[in-house]
Amino acid sequence: MSENLIGYIDDQGNILDTQSAGENCTATPIEYDNSEQALEIIRHSTAHLMAQAISELYPNSQFFVGPVVDEGFYYDFRVDEQIGENDLKAIEKKMKELIKKKYKIEKYEITKEEALAKFANDDLKQAVLSRIPDETISVYKQGDFEDLCRGPHVPALRFLHNFKLTRVAGAYLGGDEKAEMLTRIYGVAFADKESLKAYITMMEEAKKRDHRKIGAEMELFMFNEESGAGLPFWMPQGAKLRYKLEQILHKAHLVREYEPVRGPEILKADLWRTSGHYACYGENMYLTEIDEQEYGIKPMNCLGHIQIFKQTQKSYRDLPLRYYEYGVVHRHEKSGVLHGLLRVREFTQDDAHIFCTPEQIAPEVLEVVEFVDSVMKLFGFEYTMEIATKPEKAIGEDAVWETATQGLIDALDGNNLPYSIDEGGGAFYGPKIDIKITDAIGRKWQCGTIQVDFNLPERFEVEYVDEDNTRKQPVMIHRAILGSFERFIGILTEHYAGEFPLFLAPTQVIFVPISDSHADYAYALKKRLRLEGLDSEVFDKNDSLNKRIRTAEKQRVPYVVIVGDEEVQGNSVAIRNRRTREQYNLTQDEFMVELNKQLQEGKI
RNA sequence: GCCCAUAUGGCUCAGGGGUAGAGCACUUCCUUGGUAAGGAAGAGGUCGUGAGUUCAAGUCUCACUAUGGGCUCCA
């Protein structure tokens with residue numbers, strides 16, 4: 001038996017640890033390394049080691065569950081003391097002491113009845129047992145520490161070296177918001193020191209491109225304690241960036257035959273009652289009163305678009321009719337979930353509602369999927385699609401839901417587009433396809449969404465006149481491509497680490513005149529760029545040339561352009577590559593051609 | 001909303017019961033320089049807000065607000 005053997009993988013892909021497999025196992029061995037299976041075993045055992053350390057440091061602690069997750073492991077437990085980030089070091093130290101005791105990890109099996117009796121005075125273990133259907137329960141033991149566990153584990157503590165406890169958090173027992181909150185500690189573990197180090201470095205790099213940090217540095221956006229949480233302010237640089245994104249997307253909508261519309265920010269509460277928002281979404285809505293009438297600030301834009309559709313009589317010839325709006329919405333998000341621009345209380349959706357016939361659903365959904373794809377491609381984003389089905393709180397008949405859900409499935413299946421299913425994750429008025437972008441540190445954020453809705457048209461008696469002169473109800477497709485400008489720009493910022501492509505960059509060119517006498521030339525260039533719709537700045541402050549070049553380089557602008565006697569005489573520019581520090585000269589006209597070429601790259 | 005943590009000039013941070021400090025940024029002056037920090041002077045903070053303990057609180061305690069890491073929920 002190899003020194004490095006920590007388990008086996010059987011025909012079904014299940015991991016067997018050495019304790020379960022016995023001496024003469026013929027399944028494929030798992031060696032101690034960074035393979036997916038090995039890491040699962042190592043991390044699970046590290047979680048147990050942590051629990052053992054905690055139980056020694058805090059004798060009253062009781063343990064719930066300690067699974068392996070994507071990035072590492074965690075353990076949930078109850079403890080009398082408050083545990084903060086500063087206590088993690090002490091726990092790590094204790095873990096290392098325990099490793100030195102060279103405990104073997106042993107496994108034995110008991111019946112469920114015996115287990116219930118064994119842990120009779122531990123209500124958390126009772127809770128764990130109640131979730132296990134099996135009649136035979138396995139227990140793992142290392143030193144004096146025993147824990148209910150399915151495994152798999154490494155054979156002995158000596159395999160556990162390269163770990164780090166990363167954060168302490170609260171977590172509801174069983175994930176239920178109404179249940180008791182336990183303490184959770186997260187950690188990571190690898191087979192070797194280098195991988196652990198690489199992981200820590202990666203997290204530090206991710207921190208450097210955090211949109212909140214870059215947003216402050218580049219003066220893109222801000223929040224302010226006096227104004228309230230989750231309410232972003234767009235500073236000039238951020239507003240310029242956002243405006244460019246809005247313009248690109250505006251043109252893309254027009255090309256695809258969308259019509260711009262705009263609805264009011266607040267609508268009478270009765271309208272929200274008709275729609276079902278009041279009952280199903282009310283806890284997220286801000287309500288107000290005007291002249292003794294209740295009003296609701298819109299959390300979604302659909303009602304406005306429905307009113308506009310209904311204002312004039314529609315024919316089947318008008319369908320599909322696509323209304324779009326950069327709609328500002330307000331939602332009462334819980335204070336604890338706010339997160340930079342990625343989760344706010346006021347945001348602007350790139351929202352559209354497509355009114356169409358049932359037959360038009362599939363082609364329209366496909367068209368939107370294509371739209372999404374072209375936008376994601378423009379920015380180089382990876383994304384996944386998820387079909388979300390009927391949630392608990394919902395309006396409308398089951399049959400209607402089934403038809404709508406099937407419509408979405410057909411549209412994706414028919415075109416071999418990959419997706420997963422999110423059971424019960426739909427909007428209260430219809431099923432949806434969610435488009436999730438993977439960000440710089442691997443988190444997934446919902447951005448785009450496509451929702452089929454038979455319910456609101458019915459509730460608001462939305463109608464069109466069909467070919468046979470009868471009145472029919474259209475289907476509504478709610479959709480957003482970016483999701484919201486706030487979230488999307490947050491993700492974009494991290495994606496590009498603030499170095500936006502020319503067609504998005506808030507400042508696209510910085511001119512550095514060599515001395516005062518070249519400032520006029522620089523300002524003339526700035527004016528010329530302005531007329532082409534390009535934003536530039538002139539760095540002519542009373543600082544040394546070196547200092548101004550340094551400052552300009554650090555601005556994350558696409559172009560730093562130096563102008564001095566040579567350039568003024570030759571009507572040219574000296575362009576500096578901020579990465580290689582190399583420089584090349586172009587005439588003004590050549591430069592304009594180059595800039596316009598790069599602007600065109602922002603077309604979709 | 002819940003658990004844990006944090007809050008000191010515009011930014012990044014030091015200080016740790018006896019009434020505040022650095023670097024960068026900012027202002028003014030000198031310097032007009034061909035590719036990543038030229039020099040000098042200056043201004044700027046009731047240490048998040050409100051209570052409490054104390055002879056004395058930026059420092060200790062509590063509440064609130066905001067922020068961060070999670071849970072739950074979502075674009």
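Below, chains carry the letters A, B, ... as their sequence lines are ordered, and counting in each starts from 1. All values below were derived from every heavy atom in this structure, side-chain atoms included, with hydrogens, water molecules and symmetry-related copies excluded. Remember, it's a predicted structure, so these values are computed and weren't measured experimentally.
Computed from coordinates, the A/F64 CZ to B/G70 P distance equals 21 Å when rounded to whole Å. Distance, A/L182 CG to B/U72 C1': 13 Å, rounded to whole Å. Remark: P of B/C4 and CG of A/N86 are 14 Å apart, rounded to the nearest angstrom. If you measure from atom NZ of A/K334 to atom P of B/G70, you get 18 Å, rounded to the nearest angstrom. Computed from coordinates, the A/E177 CD to B/C74 P distance equals 10 Å when rounded to whole Å. In this entry the distance linking CZ of A/R345 with P of B/U65 reads 10 Å, nearest Å. In this structure, the CZ atom of A/F223 is 20 Å from the P atom of B/G10, given to the nearest Å.
Of all nucleotides present, none satisfies the Watson-Crick or G-U wobble test against B/G33 with each distance under 3.5 Å. With a 3.5 Å ceiling on both atom-pair distances, the Watson-Crick or G-U wobble partner of B/C26 is B/G42. The nucleotide B/G16 finds no pairing partner, because no Watson-Crick or G-U wobble arrangement with both distances shorter than 3.5 Å includes it. Across all strands shown, B/G1 forms a Watson-Crick or G-U wobble pair, both distances under 3.5 Å, with B/C71. Under the Watson-Crick and G-U wobble criteria, each requiring two contacts below 3.5 Å, nucleotide B/A7 is paired to B/U65. Taking a pair to require two hydrogen-bonding distances under 3.5 Å in either a Watson-Crick or a G-U wobble arrangement, B/U59 remains unpaired.
In this structure, A/R548 and A/R167 both approach RNA chain B, and ranking their closest nucleotides by distance from the 5' end singles out A/R548. The residue among A/G84 and A/K554 whose nearest nucleotide of RNA chain B is located toward the 5' end is A/G84.
Cation-pi geometry between A/R43 and A/F190 is met: the NZ or CZ atom falls under 6.0 Å from the ring centre, inside 45° of the normal. Remark: A/R548 is not positioned above the aromatic ring of A/F539, lacking an NZ or CZ atom under 6.0 angstrom from the ring centre and at most 45 degrees off the axis.
Comparing B/C71, B/G34, B/A66 by their nearest atom to the side chain of A/V337 picks out B/C71.
Using a 4.0 Å heavy-atom distance criterion, A/Y186 is classed as a sugar-phosphate-only contact. At the heavy-atom level, A/D176 lies nowhere under 4.0 Å from the strands shown. When heavy atoms are screened at a 4.0 angstrom cut-off, A/A480 is found touching no nucleic acid atom at all. Residue contacts for A/E226: at a heavy-atom cut-off of 4.0 Å it reaches no nucleic acid atom on any strand shown. Within 4.0 Å of A/R184, counting heavy atoms only, lie sugar-phosphate atoms of the nucleic acid but no base atom. Residue A/A171 is classed as a sugar-phosphate contact, given heavy-atom separations below 4.0 Å to backbone atoms only.
Of the side-chain N and O atoms in A/R331, none sit less than 4.0 angstrom from OP1 or OP2 of B/C74. Here A/K213 does not reach the OP1 or OP2 of B/U12: none of its side-chain N or O atoms lies under 4.0 Å away. Between A/H332 and B/C73 there is no side-chain polar atom (N or O) within less than 4.0 angstrom of OP1 or OP2. Between A/T183 and B/C3 there is no side-chain polar atom (N or O) within less than 4.0 angstrom of OP1 or OP2. Taking 4.0 angstrom as the limit, A/K432 places a side-chain polar atom (N or O) nearer than this to OP1 or OP2 of B/A75.
Looking only at atom types and distance, the side chain of A/Y383 has a donor-acceptor partner in the side chain of A/D373 under 3.5 Å away.
Put simply, the side chain of A/W401 gets close to the backbone of A/I395: a donor and an acceptor are under 3.5 Å apart.
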Which atom pairs, one a donor and one an acceptor, fall under 3.5 Å between side chains of residues 82-93 of chain A and the rest of the protein, sequence neighbours left out?
unit_1 : atom_1 : unit_2 : atom_2 : d
A/D87  : OD2    : A/G84  : N      : 2.7
A/E92  : OE2    : A/L165 : N      : 2.7

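A donor-acceptor contact under 3.5 Å links the side chain of A/R343 to the base of B/C73. A donor-acceptor contact under 3.5 Å links the side chain of A/E567 to the base of B/G34.
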task: Check the pair A/E81 / A/N60 against side chain to side chain donor-acceptor pair (under 3.5 Å), numbers first and verdict last.
output: CA-CA 9 Å; A/E81 294 83 355; A/N60 290 328; 5.4 Å; no

Mind listing the N/O atom pairs, protein and nucleotides 38-45 of chain B, below 3.5 Å?
unit_1 : atom_1 : unit_2 : atom_2 : d
B/G38  : OP1    : A/S544 : OG     : 3.1
B/G38  : OP2    : A/S544 : OG     : 2.6

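Ring geometry for A/F371 versus A/H253: interplanar angle over 60°, hence perpendicular rather than tilted (30 to 60°). A tilted orientation is assigned to the rings of A/Y324 and A/H250, their planes being inclined by 30° to 60°.
Between B/U61 and B/G1, the two C1' atoms lie 25 Å apart (nearest whole Å).
Stacking of A/F347 onto the six-membered ring of B/A75 is present: less than 5.5 angstrom between centres, less than 30° between planes.
Taking the six-membered ring for Trp and the full ring otherwise, the centers of A/F591 and A/Y559 sit less than 6.0 Å from each other.
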